[in-house]
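Report on the following structure.
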Number of protein chains: 2
Amino acid sequence: MASKAGRKDTSHSERPARLIDVAHRAEVSRATAARALGGYGLVGDETRERVLTAARELNYSTNVVARAMRAGKTQAIGVVVADISNSFFSHATRAIIDTAARAGYETFVLNTDDDLAKEVDAVRILIEKRVDGLIVVPSSPTQYDHFVLEGELAKPLVLLDRRVEGLRVPTACTDDRGGAKQAIELFLEHGHVHIGLLVATAAARGGVETRQPEGVVSTVTDRVAGAQEAMAGRGIGEPAIRYSRSSVEAAQAGALELLTQKPRATAILATNEEMALGVLAACSELGLTIGKDVSLVSFDDTPWSKVIAPSMSVVKRPVYELGHAAATALIKAIRGEGRSRKIELPTQLIDRRSVANVLKRRR
Amino acid sequence: MASKAGRKDTSHSERPARLIDVAHRAEVSRATAARALGGYGLVGDETRERVLTAARELNYSTNVVARAMRAGKTQAIGVVVADISNSFFSHATRAIIDTAARAGYETFVLNTDDDLAKEVDAVRILIEKRVDGLIVVPSSPTQYDHFVLEGELAKPLVLLDRRVEGLRVPTACTDDRGGAKQAIELFLEHGHVHIGLLVATAAARGGVETRQPEGVVSTVTDRVAGAQEAMAGRGIGEPAIRYSRSSVEAAQAGALELLTQKPRATAILATNEEMALGVLAACSELGLTIGKDVSLVSFDDTPWSKVIAPSMSVVKRPVYELGHAAATALIKAIRGEGRSRKIELPTQLIDRRSVANVLKRRR
DNA sequence: ATGAAAGCGCTAACAA
DNA sequence: TTGTTAGCGCTTTCAT
């Protein structure tokens with residue numbers, strides 16, 4: 001094959017130099033060349049110099065595939081997320097890639113779209129690729145057969161953002177229950193009684209659902225539980241919940257329901273960016289004003305949330321730290337330095353201007 | 001090493017089954033087992049069945065590292081972006097991963113933070129990993145030594161989003177010049193004469209700069225050229241430009257300058273999401289209203305742009321298509337199916353409600 | 001301090 | 001239709 005069009009080809013040898021080529025040129029054995037290049041074992045100073053020079057001259061690039069084969073380690077990990085173009089996953093993945101790279105691991109990224117079949121495939125592919133470990137955002141709260149592998153095929157595994165029932169592997173997640181609880185308590189403090197939840201979940205079939213779909217992930221159940229816990233025992237009933245896919249359109253439909261039903265919700269907790277935007281869209285459609293007619297808190301601190309008018313109160317999750325924690329746990333497991341159990345990072349309520357006080361308006 | 005805590009270990013063999021184990025169990029040779037598993041060559045029906053059964057029973061997982069070593073192909077590609085957590089890159093990367101996966105390639109993702117040194121490292125690492133091809137968002141418009149490799153070490157390369165001067169490799173980008181031109185023309189049609197540009201670039205050292213920094217990428221120069229082209233020959237001078245890092249804070253400072261200088265800019269083109277948010281922040285700080293006192297158009301159609309009030313007009317780029325095109329070009333190059341040259345995808349001006357008409361306000 | 005050689009698991013050319 | 005076997009490039013005992 002000719003060299004790439006337009007790229008200079010100063011090459012003499014068409015094929016990449018191998019260790020043996022370096023060894024020949026330095027007039028040593030493969031073993032010695034390997035030692036000099038790898039910086040281990042005993043090598044004479046002058047010999048080492050010759051080898052290094054030869055390697056440079058031949059433009060030698062270690063074939064890590066061969067090394068991986070020999071060593072049984074690829075220095076690669078796999079990340080399996082629902083969708084890398086989603087802001088939460090892309091930030092968490094960024095942290096994972098950074099952390100892994102600093103420890104000498106490169107990162108494969110695979111998407112599942114929260115589809116269990118794709119997740120099963122992704123895990124199989126990564127196992128075939130002989131990655132040294134996996135970080136997975138599981139799409140099902142209960143299915144884990146595909147993680148249960150035998151012998152050395154069972155690579156270290158860390159779950160991200162969601163727990164899987166019955167699977168005892170290290171899991172890095174945030175305190176979603178506490179986060180939701182705090183948000184609802186903020187509403188309650190401001191006198192809200194009719195509170196709605198807009199919940200994004202891939203488990204929602206088509207439109208907007210009132211009942212919790214089968215197979216929602218732990219993040220969803222935790223947040224719902226946190227909201228319910230905050231409202232419990234106050235004689236104000238349960239929150240009104242709408243489940244839908246994570247899209248602005250679906251969220252808008254859900255928000256419309258919450259804002260037109262009787263009694264109408266005066267405060268809404270959105271579980272992510274898309275749901276929050278759905279509320280904004282619904283309010284503009286109904287001529288309602290955020291922070292006045294409708295109070296809003298959303299999970300995840302997006303860049304736009306503090307800039308829009310009024311700025312939006314949010315439950316911020318430490319996304320980078322979450323990815324970092326997962327990667328750190330994985331690398332420790334790969335190195336056999338003890339296995340972490342559950343890592344739960346705290347959320348932070350950032351109160352801006354999207355929650356109205358309905359107390360002083362009474363009577 | 002013991003099996004993962006909590007994960008069942010039904011394994012007999014501690015080590016993964018190899019081809020030879022399958023062959024033994026099926027009572028055939030390695031070659032026959034390989035043929036049955038690989039689905040090539042001639043294999044008797046009954047024999048194939050025995051092999052497949054044996055593989056299943058032994059939980060055989062092809063060691064693709066060994067295959068890669070033998071074949072000289074890893075079925076892996078590398079993507080080198082500035083920052084995967086950035087919305088543009090994460091969407092493009094999503095497309096690349098999808099497209100590559102469908103063609104049987106997995107994807108390494110590496111970040112450079114638009115730092116040439118990190119880019120050089122990233123390329124070296126991927127070459128060592130013996131990826132079959134690379135897609136790079138180059139951080140420099142002129143430096144390309146690190147792409148110029150010898151012989152078979154020179155893997156197929158496709159550039160994404162930015163051109164590199166003097167490097168003749170396939171490049172997938174958008175018509176940024178045309179996009180900027182269209183946006184400015186929209187301003188002109190609405191009577192704007194004092195037009196500002198807020199340009200995000202990693203080449204900006206610290207704060208807000210009036211002169212173009214050294215080493216801005218082609219996307220930046222194209223957009224600036226497009227804006228200048230639109231204004232040229234109309235006797236309204238040049239656009240006022242502010243260059244800064246891509247952050248809301250820096251953009252806000254830049255917008256503040258544009259909105260307080262004499263003559264003050266009545267219309268601003270922002271080159272990305274962060275810059276647009278900076279304009280929003282500056283306007284709110286100055287008590288100015290978008291779509292009335294200040295007109296705004298931004299590159300990239302973010303989900304929030306259509307939901308905020310007023311909705312924001314944008315220059316939309318086909319980001320997914322861009323990534324798809326890059327990946328398709330790369331895979332063709334890997335397969336030796338002819339080399340694509342430059343791919344330039346059109347942008348689309350979506351006019352919403354953030355551009356005021358200053359014509360009818362005259363006198 | 002250096003070298004010889006085995007072998008990681010797979011594929012394909014060749015032989016039967 | 002099936003089997004034999006030679007490597008792919010590297011690391012690492014073991015011997016010198």
Side-chain angles (χ1 to χ4, degrees), chain A residues 13-52 54-55 58-76 127-132 151-153, chain B residues 13-52 54-55 58-76 127-132 151-153:
Chain A
S13 52
E14 189 51 39
R15 306 202 29 202
R18 297 154 302 166
L19 183 61
I20 197 170
D21 301 320
V22 176
H24 282 158
R25 176 171 264 254
E27 294 177 298
V28 295
S29 69
R30 283 182 6 253
T32 304
R35 283 189 275 254
L37 257 5
Y40 67 96
L42 290 323
V43 194
D45 283 351
E46 190 253 358
T47 315
R48 169 179 297 107
E49 213 42 67
R50 275 215 319 283
V51 172
L52 263 27
L58 291 175
N59 225 290
Y60 175 71
S61 160
T62 306
N63 186 333
V64 297
V65 175
R67 176 184 290 170
M69 156 112 131
R70 189 48 247 231
K73 301 185 296 178
T74 53
Q75 299 298 118
I127 293 296
E128 282 186 352
K129 280 259 190 277
R130 298 296 191 265
V131 292
D132 294 338
E152 286 192 357
L153 239 34
Chain B
S13 51
E14 188 52 39
R15 306 199 31 201
R18 296 153 304 165
L19 183 61
I20 196 171
D21 300 320
V22 175
H24 282 159
R25 177 172 264 254
E27 294 176 300
V28 296
S29 70
R30 271 164 40 233
T32 304
R35 284 189 275 255
L37 256 7
Y40 67 96
L42 291 321
V43 194
D45 284 351
E46 191 253 359
T47 315
R48 168 179 296 106
E49 212 42 67
R50 274 215 319 283
V51 172
L52 262 28
L58 290 175
N59 226 291
Y60 175 72
S61 160
T62 306
N63 185 335
V64 297
V65 174
R67 175 183 292 170
M69 154 111 132
R70 185 54 244 241
K73 302 184 296 179
T74 53
Q75 299 298 119
I127 293 296
E128 281 186 354
K129 279 260 191 278
R130 297 295 192 268
V131 292
D132 294 338
E152 285 191 356
L153 239 34

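Numbers restart at 1 for each chain; the letters A, B, ... are given by sequence-line order, proteins then strands.
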Q. Taking all non-hydrogen atoms of both residues, which atom of Val28(B) and which atom of Ala33(B) are closest, and how far apart?
A. CG2-N, 4.0 Å

Q. What parts of residues 35-42 of chain A reach DNA chain C, counting only heavy atoms under 4.0 Å away?
A. Arg35(A), Leu42(A)

Q: Starting at atom CD of Glu152(B), determine the distance to atom P of dG9(D), rounded to an integer number of angstrom.
A: 9 Å

Q | Any Arg48(A) side-chain N or O less than 4.0 Å from OP1/OP2 of dA1(C) | A | no

**Q.** Side-chain N or O of Arg18(B) closer than 4.0 Å to phosphate OP1/OP2 of dG9(C)
**A.** yes

Q.
In this structure, how many angstroms lie between the P atom of dC10(D) and the CD atom of Glu128(B), rounded?
A. 11 Å

Q. Which nucleotide in the set dA12(C), dC10(C), dG9(D) lies at the smallest distance from any side-chain heavy atom of Met69(B)?
A. dG9(D)

(Q) I want to verify a distance call: between dG9(C), dA6(D), dA6(C), whose nearest atom is closest to the Arg30(A) side chain? (A) dA6(C)

Q) How is Val64(B) classified with respect to the nucleic acid when contacts are heavy atoms under 4.0 Å: base, sugar-phosphate, or nothing? A) nothing

**Q.** For atom CZ of Arg50(B) and atom P of dT1(D), their distance in whole Å
**A.** 14 Å

Q | Nearest-0.5 Å distance that lies between atom OG1 in Thr62(A) and atom CZ in Arg67(A) | A | 5.0 Å

Q) How many Å lie between CG on Asn63(B) and C1' on dC10(D), as a whole number? A) 15 Å

Q | Over all atoms of both residues, closest heavy-atom pair of Thr32(A) and Thr47(A) | A | CG2-CG2, 3.8 Å

Q: Could you tell me the separation between the NZ atom of Lys73(A) and the P atom of dT12(D), rounded to a whole number of Å?
A: 9 Å

Q. With a non-hydrogen cut-off below 4.0 angstrom, is Val65(B) in contact with a base, only sugar-phosphate, or nothing?
A. nothing

Q) Looking at Thr47(B), does any N or O in its side chain come under 4.0 Å of the phosphate oxygens OP1/OP2 on dT1(D)? A) no

Q: Among the candidates dC10(C), dT2(C), dC10(D), find the nucleotide nearest to the side-chain atoms of Leu19(A).
A: dC10(D)

Q.
Does dG3(D) have its OP1 or OP2 closer than 4.0 Å to a side-chain nitrogen or oxygen of Ser29(B)?
A. yes

Q | Protein-nucleotide distance (Ile20(A), atom CD1; dG3(C), atom P), rounded to Å | A | 12 Å

Q.
What I'd like to find out is whether the side chain of Asp45(A) reaches to under 4.5 Å of the side chain of Arg48(A), using heavy atoms alone.
A. yes

Q.
Looking at Tyr60(B), I'd like to know whether one of its side-chain N or O atoms comes within less than 4.0 Å of OP1 or OP2 on dC10(C).
A. yes

Q | Non-hydrogen side-chain atoms of Val65(A) and Thr74(A) separated by less than 4.5 Å | A | no

Q.
Tell me if a side-chain donor or acceptor on Arg50(B) pairs with a main-chain N or O of Ala26(B) at a distance below 3.5 Å.
A. yes

**Q.** Residue among Arg130(A), Lys129(A), Glu128(A) satisfying side chain to side chain donor-acceptor pair (under 3.5 Å) with Ser61(B)
**A.** Arg130(A)

Q | Glu46(B) vs Ala66(B), nearer the 5' end of DNA chain D by closest nucleotide | A | Glu46(B)

**Q.** Spacing between Asp21(B) atom CG and dC8(C) atom P, to the nearest angstrom
**A.** 11 Å

Q: Please name the pair of heavy atoms, one in Glu152(A) and one in Pro16(B), separated by the smallest distance, quoted to 0.1 Å.
A: CB-CD, 3.6 Å

